[in-house]
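FYI, side chains are in, hydrogens and waters are out, and symmetry mates aren't considered; it's all heavy atoms of this structure. Remember, it's 1-based here, ligands and their atoms both numbered in the order they're listed.
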Amino acid sequence: MSEGKRITTKVSAEEINQQYKYIETIKQYNQGVISSIGKPVRYIIETFGCQMNENDSERLSGMLSGMGYSECSERKDSDLIIFNTCCVRENAEQKVYGHLGALKKLKETNPNLIIAICGCMMQQKDVVEHIKKTYKHVDIVFGTHNLYKFPELLNTAITTRSTVIDVWDSTGSIAENMPISRKENIKAWVTVMYGCNNFCSYCIVPYVRGRERSRSLEEIKNEVEKLAKDGCKEITLLGQNVNSYGKDLEGDLTFAGLLRELNKVQGIERIRFMTSHPKDLSDELIYAMRDCEKVCEHLHLPVQAGSSKILDEMNRRYSKEQYLGLIEKVKSNIPGIALTTDIIVGFPGETEEDFNETLDVVAKARFDMAYTFLYSKRTGTPAAKNPEQIPETVKKQRFDRLLELQNKISKEINDGLLGKELEVLVEGLSKSSKTTYTGRTRENKIVNFKGSPDMVGKLVKVKIEEIQTWSLLGKINK
Ligand code: 5AD
Ligand code: SF4
């Protein structure tokens, strides 16, 4: 163990048991309610933001189903409404405030309704103050670090009928063995690490999600083996910066090592992961991707900007040339790999020349897809204090130019798939049809095709016959 290495610990078994006791207490209470009102008690969780939040909501669902709640799809039918929030960009926050305001009327018509709000937004003190002052109909406020304590907080809200606010600044531990109820069974999210130490100058995440904390190999492997037993075929390993996995654990397991371990789990057919930081993408990881047959040929590698000057100001710790060099290395080791990225347009001080460098990276890297964002000022981050903020109109105009170029490249790449036979993991019926099935290729492209129920959960070969904007259309070759 190197000197000064911080080791992540687990929340104690007693603490976790305590939460199970609260789950049982609420279950008994709910049984009483159900028999007196003659219908189920219902909840809805509305999730904003990234896959990490989706995975956290699956945990809340697991706790709630243990408490005897059933999930429903309408706020008006709910006895409990939870908003799991995101604060990466301002518009995500504004949306939440809009939704919270709309709940006031609902609470007036149903005073027994419990409204809870959690997630990244709650880790900001000014947000909690604003909610306390403006949205008095909110019953429970909690953060990202004490999600596992939700049963206890809910029990307090039910028994005291008063507002419960509990947000922790940080934690060095991970809560394992809490229940989880997943949205899908063929594919699953598996969080391998929490937090981020990178402090990119525009980003609020390190302030609200805390320092990097890795789960142990044993816990991750147990979870993946259990998923495989339950019929799951594809896992996506989640973390803000998966490439730093293991740095806070005893021993020298790396993310590459973790991939090699998980590649051995029987029953799992595909492994994906996100997000990778270019500065930490090691050769060891590229070789693990190349060698592990279950690890899919897809890499999400956010570039954020093309200009080395802007990258430096973003505190990304790589240059445009280093990024392009990395892409070359990845492409030459893993032929046919699909690359996706995140790009921010209009970072403070971005000149026309800087933006042209972003277009140049996009043209050279030839991403399969890019998630593009207008820079959003986040209070508390260094970039928010930069006086050279870019006017919205300039940002939007650059954004449109970027999108036009990326769409052209995405279409060219997808056109190259016409006539090819691709392996698709069948996920189920497509939303709009009773005979069209949907799934994804190893490169993460959506493919729709005529199929049958027995194909769900299986790997099939589909010949691509038509390229649409967001998906491919194909035919099963038997
Ligand atoms: N403004 C715009 N986009 C941002 N992202 C993170 N912070 C901001 C911000 N302040 C984007 C980055 C990141 C993705 C998850 O969100 O591109 O990779
Ligand atoms: Fe934010 Fe950068 Fe951490 Fe990603 S790596 S979560 S962009 S600080």
Side-chain angles (χ1 to χ4, degrees), residues 47-55 85-95 119-121 123-124 144 170 191-214 236 238-245 247-248 255 273-281 299-307 310-318 323 326 339-350 355 358 361-362 365 367 369-386 388-390 392 394-396 398-399 402-403 406:
T47 310
F48 302 81
C50 66
Q51 290 83 2
M52 194 72 87
N53 265 13
E54 295 284 350
N55 194 220
T85 64
C86 166
C87 60
V88 169
R89 283 168 294 275
E90 195 187 351
N91 56 2
E93 290 199 348
Q94 290 312 327
K95 258 192 229 161
C120 296
M121 256 174 97
Q123 293 297 140
Q124 300 165 279
T144 56
S170 66
T191 300
V192 298
M193 62 181 302
Y194 300 87
C196 179
N197 291 353
N198 286 326
F199 290 94
C200 300
S201 65
Y202 50 82
C203 186
I204 194 85
V205 169
Y207 305 89
V208 296
R209 285 273 177 180
R211 297 293 65 74
E212 290 173 357
R213 299 166 319 275
S214 306
T236 302
L238 293 181
Q240 250 79 39
N241 179 20
V242 289
N243 304 136
S244 323
Y245 174 81
K247 288 186 182 159
D248 57 323
F255 186 62
F273 57 88
M274 65 193 308
T275 292
S276 296
H277 193 303
K279 81 172 164 55
D280 299 317
L281 189 87
L299 180 66
H300 182 65
L301 196 65
V303 63
Q304 310 296 4
S307 142
I310 296 289
L311 286 170
D312 185 43
E313 281 168 21
M314 286 178 159
N315 192 28
R316 292 291 290 177
R317 286 171 274 177
Y318 54 84
Y323 183 87
L326 196 54
L339 293 169
T340 55
T341 200
D342 291 346
I343 300 173
I344 298 177
V345 174
F347 181 82
E350 183 187 75
F355 176 66
T358 297
V361 164
V362 168
F367 300 112
M369 194 167 67
Y371 298 89
T372 48
F373 308 105
L374 294 171
Y375 167 74
S376 169
K377 205 167 152 182
R378 304 285 61 211
T379 309
T381 62
K385 295 190 204 95
N386 190 321
E388 295 177 72
Q389 300 291 324
I390 307 293
E392 285 304 306
V394 177
K395 281 194 218 171
K396 289 220 176 76
R398 288 182 186 162
F399 184 90
L402 173 62
L403 215 59
Q406 181 54 49

For this session: In sequence, state the C-alpha distance, the side-chain angles, and the governing distance for Thr275 and Gln240, and then conclude on side-chain contact (heavy atoms from CB on, under 4.5 Å).
Result: CA-CA 6 Å; Thr275 292; Gln240 250 79 39; over 6 Å; no
Exercise. Quick check: does Arg378 get an N/O under 3.5 Å from an N/O on ligand 1?
Worked result: no
Closest protein heavy atom to [atom], given as residue, atom name and distance to 0.1 Å:
| atom | value |
| --- | --- |
| atom 16 (O) of ligand 1 | Arg89 NH1, 2.9 Å |
| atom 2 (Fe) of ligand 2 | Cys200 SG, 2.3 Å |
| atom 12 (C) of ligand 1 | Gln304 OE1, 3.4 Å |
| atom 7 (S) of ligand 2 | Tyr202 OH, 3.4 Å |
| atom 3 (Fe) of ligand 2 | Cys196 SG, 2.3 Å |
| atom 5 (S) of ligand 2 | Asn198 ND2, 3.3 Å |
| atom 6 (C) of ligand 1 | Val88 CG1, 3.4 Å |
| atom 10 (N) of ligand 1 | Ser376 O, 2.8 Å |

Problem set entry | Glu350 versus Tyr375, side-chain donor and acceptor atoms under 3.5 Å | no
For this session: Using distance alone, with no hydrogens and no angle criterion, decide if His300 and Thr340 have a side-chain donor and acceptor under 3.5 Å apart.
Result: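 Present: a donor and an acceptor within the cut-off.
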Exercise. Above 12 or not: heavy atoms from other molecules or residues under 6.0 Å from NZ of Lys279?
Worked result: yes
Between [options], flag the one that comes closest to [atom] by a heavy atom.
| atom | options | value |
| --- | --- | --- |
| atom 18 (O) of ligand 1 | Thr381, Asp342, Ile344 | Asp342 |
| atom 8 (C) of ligand 1 | Tyr371, Phe373, Tyr375, Tyr202 | Tyr202 |
| atom 6 (S) of ligand 2 | Glu212, Gln240, Gln304, His277 | Gln240 |

For this session: Side-chain contact test, heavy atoms from C-beta onward, threshold under 4.5 Å: evaluate it for Cys87 versus Val208 and give yes or no.
Result: yes
Exercise. Do Arg316 and Pro278 have side-chain heavy atoms sitting under 4.5 Å apart?
Worked result: yes
For this session: Test Phe373 against Phe399 for ring pair (Phe, Tyr, Trp, His ring centres under 6.0 Å), laying out the working first.
Result: CA-CA 8 Å; Phe373 308 105; Phe399 184 90; 8.5 Å; no
Exercise. What are the two closest non-hydrogen atoms of Arg213 and Asp248, and how far apart are they?
Worked result: CA-OD2, 3.0 Å
For this session: For residues Ser201 and Thr381, report the shortest heavy-atom separation together with the two atoms involved.
Result: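 Answer, listing the atom of Ser201 first, then Thr381: O-CB, 3.4 Å.
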Exercise. Parallel, tilted or perpendicular for Tyr318 and Tyr323, by the 30°/60° rule?
Worked result: tilted
Exercise. For Arg209, is the nearest heavy atom under 4.0 Å from an atom of ligand 2?
Worked result: no
Problem set entry | Sub-4.0 Å atoms of ligand 1 with respect to non-hydrogen atoms of Leu374 |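 With Leu374 as reference, the close atoms of ligand 1 come out as 1 (N), 2 (C).
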For this session: Evaluate side-chain contact (heavy atoms from CB on, under 4.5 Å) for Ser214 paired with Val192, printing each intermediate quantity in order.
Result: CA-CA 6 Å; Ser214 306; Val192 298; over 6 Å; no
Exercise. Would one find an N, O or S atom of Cys203, in either backbone or side chain, under 2.8 Å from atom 3 (Fe) of ligand 2?
Worked result: no
Problem set entry | Ligand-side contact atoms (ligand 2) for residue partner Pro206, heavy atom cut-off under 4.0 Å | 8 (S)
Seminar exercise, completed: At under 4.0 Å between heavy atoms, what of Arg316 touches ligand 2? The answer is side chain
Exercise. Among the heavy atoms of Ile204, does any lie under 4.0 Å from an atom of ligand 1?
Worked result: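 No heavy atom of Ile204 comes that close to ligand 1.
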